[in-house]
Amino acid sequence: MRSIPSRLSWLARGAGAAAMLIALHGAAVADGVVKLGILDDLTGPYSLASGIGTVEAVKLAIQDYGGKALGKPVEVVVATDQNKPDIAVAVVREWLDRDNVTAVIGLPNSASALAVSKVVQDADSVALVTASATSDLTGKGCTPNTTHWFMDTYASAKSLTNGLMSQGLKSWFFITVDYNFGLTLQAEASRMITAQGGTVAGSAKHPLGETDFSSALLTAQASKAQVIAMANAAADLDNGIKSSREFHLEQGGQHVAAFFLNISDIVSVGQKELQGAIGVAAVYPGLNPATLTLSHRIADRLPSRSPPTAQNLTAYEAAFHYLQAVDAAGTTEGKAVMAKIKSIPVNDPITRNGSIREDGRFMRDVTVFRVKAPSESKDPFDFLEPVRVIPASDAFRPLSEGGCPFVR
């Protein structure tokens, strides 16, 4: 595919959110054509996991697709929601009402993702959630206009709890970020633990963006639980793991486990420090040779040249598939595009013949992994060793159990 130059200009957008207009081909696009709005965390606790990496991944997907849909250039608008649902809603409403944005992508904050999904449904647009994990997006909060591409709390909870429970680790304590994502993750994991005869010794909640985990870790240590489960992600997870090293928990027979251990966490905390850690992922740079090549291409676009995260790689897939669906539908009208999104197989450098379920869930296998020792890595982005691959049908919540309002 041909290379596409880009021009960046920062604009002030609604609710005090910073916004960036990226006009591909260096020209404005007429109203009514494809315009992707990336709503993400650009400076906060989720910025390393998604942020600018997601922006560059989407731009690369557009470039690889050919830079056009419906025969005209594609335009991208980027804004931050500051991890506040009210700001997310204000930005998206302005995008849809004034700027003719046809799809919203990114959304790492679960509360923002749920709120934006409703706005998008009312406008008959499309939401491509590539960074939020709450399973409510395909449950009580699902809409016909939303697709959930990132691994969700149900799949992560099931994969990790089953793996550790099978090793005889029956008692659990949760350190949980105090909003929808963490609370949903803890609730789903707790149900799975007790259903298998395990116990939940307690939990400690913390706000998004926490830096001091000493009190929570002291409480977890005192509980004597075999597993201290981190029901958080990104910067919160990094800070929690780093703090846990000071308490020497494993010497007391306790194991720190993370439901959403990401590539950015390994880079932040250190591969040597995390070697041997167990986690779960649906996509990662070393998943296959094509994904590794794509990962280096995305990294080459980043100032840090850091390996892309699962959120970044997922955003590439969602953007590419969306453009395919728009061309297949012959329109940007939400209902028609969503029908094509769900009927066309997902084919890209990461996935072959993937599918989007009726409730919007992107179905893909989930890998239980072990973090390699540095000496085992064969590439700078080769961090993970697969332990077990769980088929998508076993990893994700059955359609009949989600409670999605529009699914019969």
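The chain is numbered in sequence order, starting from 1.
- Counting non-hydrogen atoms of neighbouring residues, nucleotides and ligands closer than 6.0 angstrom, the NZ atom of Lys118 reaches no more than 12 such neighbours.
- In this structure, OG1 in Thr134 is found 4.0 Å from CG in Asn180, a value given to the nearest 0.5 Å.
- Under the side chain to side chain donor-acceptor pair (under 3.5 Å) criterion, Glu376 pairs with Arg370, sequence neighbours left out.
- From Arg305, atom CZ reaches atom CD1 of Ile298 across 13.0 Å, with rounding to the nearest 0.5 Å.
- Under the rule for a ring-ring contact (aromatic ring centres under 6.0 Å, His included), His255 has no partner lying at least two apart in sequence or in another chain.
- Evaluation of the ring-ring contact (aromatic ring centres under 6.0 Å, His included) rule for Phe381 yields His296 as partners, not counting sequence neighbours.
- Panel note: side chain Asn312, backbone Ser50; a donor-acceptor pair is recorded below 3.5 Å.
- For residues 156-182, no residue pair satisfies the salt bridge (charged side-chain N to carboxylate O under 4.0 Å, His left out) rule, not counting sequence neighbours.
- Ring-centre distance between Phe181 and Phe260: below the 6.0 Å cut-off.
- Contact check on Asp99 versus Lys35 returns no salt bridge, with no Lys/Arg side-chain nitrogen under 4.0 Å from an Asp/Glu carboxylate oxygen.
- By the side-chain contact (heavy atoms from CB on, under 4.5 Å) test, Ser190 pairs with Phe174, Gln186, Val200, sequence neighbours left out.
- Put simply, CD1 on Ile175 and CG on Leu217 are 4.0 Å apart, with the number rounded to the nearest 0.5 Å.
- Rounding to the nearest 0.5 angstrom, the gap separating the OH atom in Tyr46 from the CD atom in Gln311 is 9.5 Å.
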Verdict with reasoning, Phe396 to Val366, per side chain to side chain contact (heavy atoms under 4.5 Å, CB included): CA-CA 9 Å; Phe396 290 97; Val366 173; 4.0 Å; yes
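- Side-chain contact check for Thr102 and Tyr322: at least one donor-acceptor pair (N or O, by modelled atom type) lies under 3.5 Å.
- Asp81 places no side-chain N or O within donor-acceptor distance of the main-chain N or O of Ile87, the cut-off being under 3.5 Å.
- At a threshold of 4.5 Å between non-hydrogen side-chain atoms, the residues Leu261 and Val371 count as touching.
- Remark: the backbone N or O of Ile390 is not paired with any side-chain donor or acceptor of Asp394 at under 3.5 angstrom.
- Between the Ser171 side chain and the Gln226 main chain, a donor and an acceptor come within less than 3.5 Å of each other.
- In this structure, the side chain of Thr80 engages the main chain of Asp40 through a donor-acceptor pair within 3.5 Å.
- Side-chain contact between Thr199 and Trp172: absent, with no pair of heavy atoms (C-beta onward) separated by less than 4.5 Å.
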Scan the side chains in residues 336-348 for donor-acceptor partners under 3.5 Å anywhere in the protein, sequence neighbours excluded, and list what turns up.
from	atom 1	to	atom 2	distance (Å)
Lys342	NZ	Glu358	O	2.7
Ser343	OG	Ala339	O	3.0
Ser343	OG	Lys340	O	3.4
Asn347	OD1	Asn353	N	2.8
Asp348	OD1	Ile350	N	2.7
Asp348	OD1	Thr351	N	2.8

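- Of the possible polar contacts, none joining the Thr146 side chain to the Cys142 backbone as a donor-acceptor pair under 3.5 Å is found.
- Counting only distance, with no hydrogens or angles, the side chain of Asp265 and the backbone of Asn262 share a donor-acceptor pair below 3.5 Å.
- Between the side chains of Ser132 and Ser110, at least one donor-acceptor pair of N or O atoms lies under 3.5 Å.
- Side-chain contact between Asn109 and Leu208 is present, with at least one heavy-atom pair separated by less than 4.5 Å.
- Among residues at least two apart or in separate chains, salt bridge (charged side-chain N to carboxylate O under 4.0 Å, His left out) pairs with a member in residues 126-154 are Asp152-Arg361.
- The closest side-chain heavy-atom distance from Cys404 to Thr138 is not below 4.5 Å.
- In this structure, a donor-acceptor pair under 3.5 Å is absent between the side chains of Thr153 and Ser156.
- Under the 30°/60° scheme for interplanar angles, the aromatic rings of Tyr65 and Phe320 are found to stand perpendicular.
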Side chain to side chain donor-acceptor pair (under 3.5 Å) assessment of Tyr316 paired with Asp64: CA-CA 10 Å; Tyr316 176 97; Asp64 286 352; 2.6 Å; yes
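- Inspection of the Gln271 and Ser377 side chains reveals an N or O donor paired with an N or O acceptor under 3.5 Å.
- With sequence neighbours left out, the side chain to side chain donor-acceptor pair (under 3.5 Å) criterion links Asp359 to Arg357.
- Sorted by first and then second residue, the side-chain hydrogen bond (donor to acceptor under 3.5 Å, both in side chains) pairs with a member in residues 273-289 read Asn288-Thr291; sequence neighbours excluded.
- Note on Asp124 versus Lys335: no salt bridge recorded, every NZ/NE/NH1/NH2 to OD/OE distance being 4.0 Å or above.
- Between the NZ atom in Lys68 and the CG atom in Asp327 there is a gap of 11.5 Å [rounded to 0.5 Å].
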Audit row: Asn232, Phe259, side chain to side chain contact (heavy atoms under 4.5 Å, CB included) steps and yes/no: CA-CA 8 Å; Asn232 52 19; Phe259 291 99; over 6 Å; no
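- Side chain of Ser306 to main chain of Leu302: no donor-acceptor pair is present (N/O by atom type, distance under 3.5 Å, no hydrogens or angles).
- One side chain, Asp212 or Ser214, offers a donor N or O that lies under 3.5 Å from an acceptor on the other.
- Listed by chain and residue number, His206 satisfy the ring-ring contact (aromatic ring centres under 6.0 Å, His included) test with Phe213 (two or more places apart in sequence, or in another chain).
- With rounding to the nearest 0.5 Å, the separation of CZ in Phe383 from CD1 in Ile266 is 6.5 Å.
- Judged as a salt bridge (charged side-chain N to carboxylate O under 4.0 Å, His left out), the pairs with a partner in residues 185-211 (not counting sequence neighbours) are, in order, Glu188-Arg397.
- Within 6.0 Å of the CG atom in Leu48, the count of heavy atoms belonging to other residues, nucleotides or ligands does not exceed 12.
- Asn145 places no side-chain N or O within 3.5 Å of a backbone atom of Val126 that could act as its donor or acceptor partner.
- Residue pairs satisfying the salt bridge (charged side-chain N to carboxylate O under 4.0 Å, His left out) criterion with at least one member in residues 312-322, sequence neighbours excluded, are listed as follows: Glu317-Arg364.
- Judged by distance alone, the side chain of Ser47 and the main-chain N or O of Gly44 form a donor-acceptor pair under 3.5 Å.
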Stepwise side chain to side chain contact (heavy atoms under 4.5 Å, CB included) check, Ile263 with Leu384: CA-CA 9 Å; Ile263 294 298; Leu384 309 180; 4.2 Å; yes
Pair Gln82-Asp41, side chain to side chain donor-acceptor pair (under 3.5 Å): steps then yes or no: CA-CA 6 Å; Gln82 301 176 36; Asp41 181 353; over 6 Å; no
Derivation of the side chain to side chain contact (heavy atoms under 4.5 Å, CB included) call for Ser223 and Gln254: CA-CA 10 Å; Ser223 74; Gln254 293 179 299; 4.2 Å; yes
